[in-house]
2 protein chains.
Amino acid sequence: MQSYTEENYLKIIYHLSEISHPVLTNAISERIQTKAASVTDMIKKLSEKGLVNYVKYQGVTLTDKGRSTAINIVRKHRLWEVFLVDKLNFKWDEVHEVAEELEHIQSNLLIERLDEFLNFPRVDPHGDPIPDKHGNFAELALVKLSKLKPGDQGTITGVSEHSSAFLKHLEKLSLTLGKQIQIIEVLAFDGSVELLVEQQKTNISREVAKYILITKS
Amino acid sequence: MQSYTEENYLKIIYHLSEISHPVLTNAISERIQTKAASVTDMIKKLSEKGLVNYVKYQGVTLTDKGRSTAINIVRKHRLWEVFLVDKLNFKWDEVHEVAEELEHIQSNLLIERLDEFLNFPRVDPHGDPIPDKHGNFAELALVKLSKLKPGDQGTITGVSEHSSAFLKHLEKLSLTLGKQIQIIEVLAFDGSVELLVEQQKTNISREVAKYILITKS
DNA sequence: AAAAATTTTTAGATTTGTCTAAATAATGAA
DNA sequence: TTCATTATTTAGACAAATCTAAAAATTTTT
Ligand SMILES: [Mn+2]
Ligand SMILES: [Mn+2]
Ligand SMILES: [Mn+2]
Ligand SMILES: [Mn+2]
């Protein structure tokens with residue numbers, strides 16, 4: 001059994017693993033809002049528990065045990081987010097913080113029953129895939145909106161930034177999951193993107209475009 | 001904002017307040033599975049935060065602020081228990097431990113929406129009243145089964161012990177909420193009670209009888 | 001390749017909640 | 001009322017998770 005804090009470290013390491021291998025101390029410390037020295041301490045502890053492989057000054061990778069623990073936390077996080085949106089009428093920008101707490105509730109029965117109650121959803125309100133009880137899930141082939149060229153079309157199927165500020169911004173621009181879009185122009189000097197949604201022209205910054213994930217069509 | 005641990009102390013003090021005023025250190029230490037010395041430390045802290053009134057060697061009572069905090073935790077605990085039984089098909093003996101964790105999730109929106117989703121239930125799966133968002137609830141006039149006399153009739157409307165072992169035992173005897181019962185005899189030498197449930201004679205120990213709450217009819 | 005800058009680790013301290021052992025206060029019996 | 005028992009508090013210590021400041025390793029620049 002892991003503590004609340006250990007679970008958070010495992011989850012962060014899991015997410016950062018998709019960006020860099022191995023995961024560096026500073027990357028963790030930035031994400032989790034703690035000093036690098038504290039991260040080193042915790043990594044040593046996780047290493048002694050057999051949840052990560054740690055090489056001094058090189059960084060960490062998850063062991064199988066660490067990864068499956070992390071995936072289970074991600075599963076719980078995303079199922080709770082679906083619950084909040086589908087059953088309790090939360091908006092997609094209101095769920096993340098609450099799910100950060102709910103993901104640590106310890107009960108297999110609870111999470112399996114919740115999965116069933118929600119009808120075994122495959123994706124969460126931000127388009128992220130939900131692992132099944134064995135930790136399996138299909139990685140979707142999504143491309144960042146910022147990678148598209150003028151004329152490209154597609155559907156918004158995910159976002160890689162979950163802050164309320166960002167999601168509210170998207171909502172205001174009607175850039176929500178399922179919406180069809182078409183690129184009109186990518187401005188050379190700042191990388192901002194002009195695009196078409198629901199017959200409306202909109203302009204978004206390169207920053208925003210990087211966080212919107214598209215299924216091309 | 002209180003820590004997980006502080007919340008648990010407040011809740012225990014609240015429950016024990018119905019038995020003794022003020023609440024004694026040892027009573028808390030037994031209930032919460034910690035040593036009396038640790039309880040003293042925590043009580044001092046809660047006192048400094050204005051959540052309890054503490055007189056050395058006399059015990060503690062909740063302040064208004066402490067009581068309303070405690071009631072809110074009880075509200076959350078009981079609403080989650082209803083959720084688990086009504087929506088996720090948990091049995092009444094499976095909910096308490098999970099609710100002990102869920103009651104600490106911090107989100108007013110969550111709990112108000114949950115209340116609405118459950119259709120504003122008045123009692124939890126053990127017959128305990130659920131405080132509304134202002135902390136108000138009707139105290140039910142229940143009497144312990146162990147206080148009844150031969151010939152007395154009534155309905156099981158609550159239990160004052162929530163352990164799985166106890167509740168499974170009741171289930172086995174068909175002594176669940178809503179059942180009509182009639183006392184046949186109270187045995188003098190051990191206080192055990194013979195009673196009628198669904199045309200069946202059953203015998204329960206005095207211990208068990210004390211934990212079953214009845215509305216007389 | 002050496003010097004400078006950056007990253008990571010170590011050392012020592014702090015806070016929270018807990019413990020054991022000893023001291024003190026309250027209660028009950030003689 | 002004095003003695004013995006029980007309840008409660010104090011003193012000092014410990015584990016978990018964090019911090020700051022300093023040391024060590026790694027990477028980058030010259
Ligand atoms: Mn989230
Ligand atoms: Mn999500
Ligand atoms: Mn309960
Ligand atoms: Mn209950």
Side-chain angles (χ1 to χ4, degrees), chain A residues 1-14 16-17 19-62 66 69-70 73 100-101 103-106, chain B residues 1-14 16-17 19-62 66 69-70 73 100-101 103-106:
Chain A
M1 201 86 306
Q2 291 78 230
S3 72
Y4 188 105
T5 310
E6 288 167 348
E7 288 191 347
N8 279 335
Y9 271 89
L10 290 175
K11 192 182 57 163
I12 297 299
I13 295 167
Y14 172 75
L16 291 173
S17 293
I19 304 166
S20 88
H21 266 284
V23 177
L24 304 178
T25 302
N26 262 7
I28 298 170
S29 102
E30 275 167 34
R31 187 71 96 82
I32 216 169
Q33 305 275 55
T34 42
K35 301 295 168 178
S38 311
V39 172
T40 301
D41 288 343
M42 179 55 81
I43 283 171
K44 280 185 191 161
K45 191 176 162 197
L46 293 174
S47 174
E48 273 157 32
K49 287 192 169 192
L51 295 161
V52 301
N53 294 121
Y54 169 51
V55 183
K56 257 191 205 176
Y57 293 100
Q58 306 300 130
V60 281
T61 54
L62 292 169
T69 303
I73 298 160
E100 285 291 314
E101 292 187 51
E103 71 190 5
H104 300 289
I105 303 291
Q106 299 293 347
Chain B
M1 201 88 303
Q2 291 77 231
S3 73
Y4 188 105
T5 309
E6 288 167 348
E7 288 191 348
N8 279 335
Y9 271 90
L10 290 175
K11 192 182 59 164
I12 298 298
I13 294 167
Y14 172 74
L16 291 173
S17 292
I19 305 167
S20 87
H21 265 286
V23 177
L24 304 178
T25 303
N26 263 5
I28 298 171
S29 103
E30 275 166 35
R31 186 72 98 83
I32 215 169
Q33 304 277 54
T34 43
K35 301 295 167 177
S38 312
V39 172
T40 301
D41 287 345
M42 180 56 81
I43 283 171
K44 279 185 191 161
K45 191 176 162 198
L46 293 174
S47 173
E48 272 156 34
K49 287 192 169 192
L51 295 160
V52 301
N53 293 122
Y54 169 50
V55 182
K56 257 192 205 175
Y57 293 100
Q58 305 300 129
V60 280
T61 53
L62 291 169
T69 303
I73 298 161
E100 285 291 314
E101 293 187 50
E103 71 189 5
H104 301 288
I105 303 292
Q106 299 293 347

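Treat the numbers as computed from the prediction; the structure is a model and nothing was measured. Just so it is clear: chains get the letters A, B, ... in the order the sequence lines come, proteins before strands, and each one is counted from 1.
- In this structure, A:T40 reaches the bases: a heavy-atom distance under 4.0 Å links it to at least one base atom across the strands shown.
- One interatomic measurement links the two molecules: CG of B:D41 to P of D:dT9, which rounds to 10 Å at whole-angstrom precision.
- Remark: C1' of C:dT8 and NZ of A:K44 are 10 Å apart, rounded to the nearest angstrom.
- Within residues 21-32 of chain A, the residues that have a heavy atom under 4.0 Å from DNA chain C are, in order of number, A:L24, A:T25, A:N26.
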Check the interface with nucleotides 24-26 of chain C: list each N/O to N/O pair with the protein under 3.5 Å, or write none.
residue: C:dA25; atom: O4'; partner: B:Y57; partner atom: OH; Å: 3.4

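- Residue contacts for A:T34: at a heavy-atom cut-off of 4.0 Å it reaches the sugar-phosphate backbone alone, with no base atom in range.
- Listed by chain and residue number, A:N8, A:E101, A:H104 satisfy the side-chain contact (heavy atoms from CB on, under 4.5 Å) test with A:Y4 (two or more places apart in sequence, or in another chain).
- In this structure A:K49 satisfies the salt bridge (Lys or Arg N to Asp or Glu O under 4.0 Å) test together with A:E6, sequence neighbours excluded.
- What separates NZ of A:K35 from P of D:dA16 is a distance of 24 Å, to the nearest Å.
- Atoms CD1 (B:I43) and P (D:dA7) sit 15 Å apart, rounded to a whole Å.
- Contacts of A:Q106 classified as side chain to side chain donor-acceptor pair (under 3.5 Å), with partners at least two apart in sequence or in another chain: A:E7.
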For a quick test of your reading: what N or O donor-acceptor pairs under 3.5 Å do the side chains of residues 19-26 of chain B make, sequence neighbours left out?
residue: B:S20; atom: OG; partner: B:P22; partner atom: O; Å: 3.1
residue: B:H21; atom: NE2; partner: B:S17; partner atom: O; Å: 3.3

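- Remark: B:E100 pairs with B:K11 by the salt bridge (Lys or Arg N to Asp or Glu O under 4.0 Å) rule, at least two apart or across chains.
- No contact: A:Y4 has no heavy atom under 4.0 Å from any strand.
- Between the CD atom of A:E7 and the P atom of D:dA16 there is a distance of 16 Å, given to the nearest Å.
- Distance, A:E48 CD to D:dA16 C1': 13 Å, rounded to whole Å.
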Side-chain polar contacts of residues 31-44 of chain B - donor-acceptor pairs under 3.5 angstrom, sequence neighbours left out - could you list them?
residue: B:T40; atom: OG1; partner: B:A36; partner atom: O; Å: 3.2

